[in-house]
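Below is one structure; the comments refer to it alone.
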Amino acid sequence: MTTLAKTEKKISAGDFYRLDELFLSDDDRLVRDAVREFVKKEVFPHISGWDSGKSAPYANHEELVRATARKYGQQLSLFGASIEGIEPYLSHLNFTPLSHTSYGVAMREIEYCDTSLRSLASVQSSLCMFAIFQFGSEEQKKKWLPALFTGEALACFGLTEPQGGSDPGNMLTKAKKVSGGWVLDGNKAWITNGFADVAVVWARTEEGIRGFLVEKGTAGFTYRNEEKWALRAGVASSLSFSGCEVPDSALMPGTVQKKPHDLKCPLRCLSEARYSIIWGVVGAARACVDETLRYSGERKLFGKALACKQETQRRLVLMLNDTENAQLVALQLARLKERKALSHVHISLGKYNNVNKALNVAQTACELLSADVFTFDAFHSGRHMRNLNVVKKYEGTHEIHQLIVGREITGEQAF
Ligand code: TGC
Ligand code: FAD
């Protein structure tokens, strides 16, 4: 049997199967290192404070989201960078296209710090820039894509409604055609960054569901930020449209699809964002493994470090196992995406699997750490555990993703 030669490196929990070393390209690793450095310098020092409700050095959470978006734009050139074909709209800026793998790695490194910060990138890039690029008019693309890429402008994506939730086809927000434009009436719930400069709003017309770009400050469009106990470094809002008149140019022409295919455009955007979650949560899980390993090595109880106890080791290994398995799934989905062979059903199983695994890891971390895990500033794993419960709920709940995969393999619709 071949074993590790004595001169070989000790296997590290940080990259146990050497996946980064062997599966990532040099470019992917460059992106990884740049994002890791950015996160360490710009956001890690503040994250516990932001999670606890403080916003320093910014005036409030809206300002901290805006400032962070600008930093992503200026220092990382990340927003929308993996959208195939977007280059002509951004080539006058500091734009370098990213592979889907590189983009995934960036999401992993950001969510190592916090899910809200990854969500900010997912919503801006995968939901909004993707929607505007795929379905927008030339005028809309030229106006919004450069500003969103640099982070000078923020966008939000309004699909979910209070009565609709998992079933967005049950949409009550209406867009009525009037001379020269449309009038929107209805409500959206739990919209990340609802205070943004432009909202991608999905609304029902007489011919089917369509997407509109509604600018902040348009008469009849208001928002209210929610209080929440997770994703506290980010903002989620309810949106209200009451006699909100927008010009004809607000309609995204590519969303004009015949029924019953009129939900397909927003669903395509969801697939992009779900892909970034599949990678992101690997980062959250890794952060929990790292923190728990460190603590178990340092904390002495009954005369020995906790890392010396069989039960602690067994659970640390389960955490590592879940994290590495999730990383393998993310890598395989990236391979499929690079080959244009990734189905939304693959994404559903990947999201279900990776969020499940990351949440198990975070929950176990909270059990292995001390009571200080219930404070805001002693550990990071408590925050990841709270955040990952949201990730299990948004972008399609666990049950919805099981039903999507169940329908695919049985041919039976069970929603
Ligand atoms: P269904 O019959 O399943 O499909 C209709 C057509 O659309 C295609 N399709 C998709 N295409 C691309 N990506 C997807 N994810 C797709 N899902 C479906 C499908 O192939 C079909 O095409 P065709 O050519 O045969 O017509 O549609 P349905 O109306 O029955 O949908 C059912 C269901 C439950 C799957 C769908 O409504 C759903 O996914 N519900 C969950 C809602 C959800 O996830 N909302 C998320 C809101 S955004 C958010 O949470 C942001 S959080 C912040 C962050 O991301 O960080
Ligand atoms: P419901 O749909 O009411 O689900 C309740 C429960 O019923 C869940 O457990 C669900 O799995 C289960 N269930 C549903 N259908 C079935 C079924 N057929 N069989 C069995 N069980 C079922 N939305 C946006 O549009 N844009 C955003 O930017 C956005 N950001 C968000 C940010 C945060 C912090 C949060 C919490 C949510 C966000 N959402 C956003 C909304 C999110 O997508 C929804 O919360 C999600 O789709 C679930 O809808 P719901 O909360 O109404 O739950």
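All ligand and atom numbering here is 1-based and tracks the order in the structure.
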For [atom], which candidate among [options] holds the nearest heavy atom?
| atom | options | result |
| --- | --- | --- |
| atom 9 (N) of ligand 1 | Arg407, His344, Glu399 | His344 |
| atom 11 (O) of ligand 2 | Gln402, Gln413, Glu399 | Glu399 |
| atom 5 (C) of ligand 1 | Leu267, Ile347, Leu263 | Leu267 |

* Please confirm whether Pro168 comes under 4.0 Å of ligand 1, counting heavy atoms of the residue only. =>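 A heavy atom of Pro168 does come that close to ligand 1.
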
Run the numbers for me: atoms of ligand 2, each under 4.0 Å from some heavy atom of [X], listed by number.
| X | answer |
| --- | --- |
| Leu159 | 25 (O) |
| Glu395 | 43 (O) |
| Val390 | 34 (C), 36 (C) |

* Strictly under 6.0 Å, is that where the ring centroids of Trp190 and Tyr394 end up? ->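 Ring centroids of Trp190 and Tyr394 are no less than 6.0 Å from each other.
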
* Sub-4.0 Å protein heavy atom near atom 14 (C) of ligand 1 ->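 Answer yes: something from the protein, a heavy atom, is under 4.0 Å.
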
* To do: Output yes when a protein non-hydrogen atom is found under 4.0 Å of atom 18 (C) of ligand 1, and no otherwise.
  =>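 Flag for atom 18 (C) of ligand 1 set to true, protein heavy atom closer than 4.0 Å.
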
* Only one of Lys40, Arg36, Arg32 passes side chain to side chain donor-acceptor pair (under 3.5 Å) with Glu109; say which it is. =>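 In the set Lys40, Arg36, Arg32, the residue that makes a side chain to side chain donor-acceptor pair (under 3.5 Å) with Glu109 is Arg36.
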
* To do: Could you tell me whether Ser166 and ligand 1 have an N or O pair separated by under 3.5 Å?
  =>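 Looking only at distances, the answer is yes, because the N/O contact criterion of under 3.5 Å is met.
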
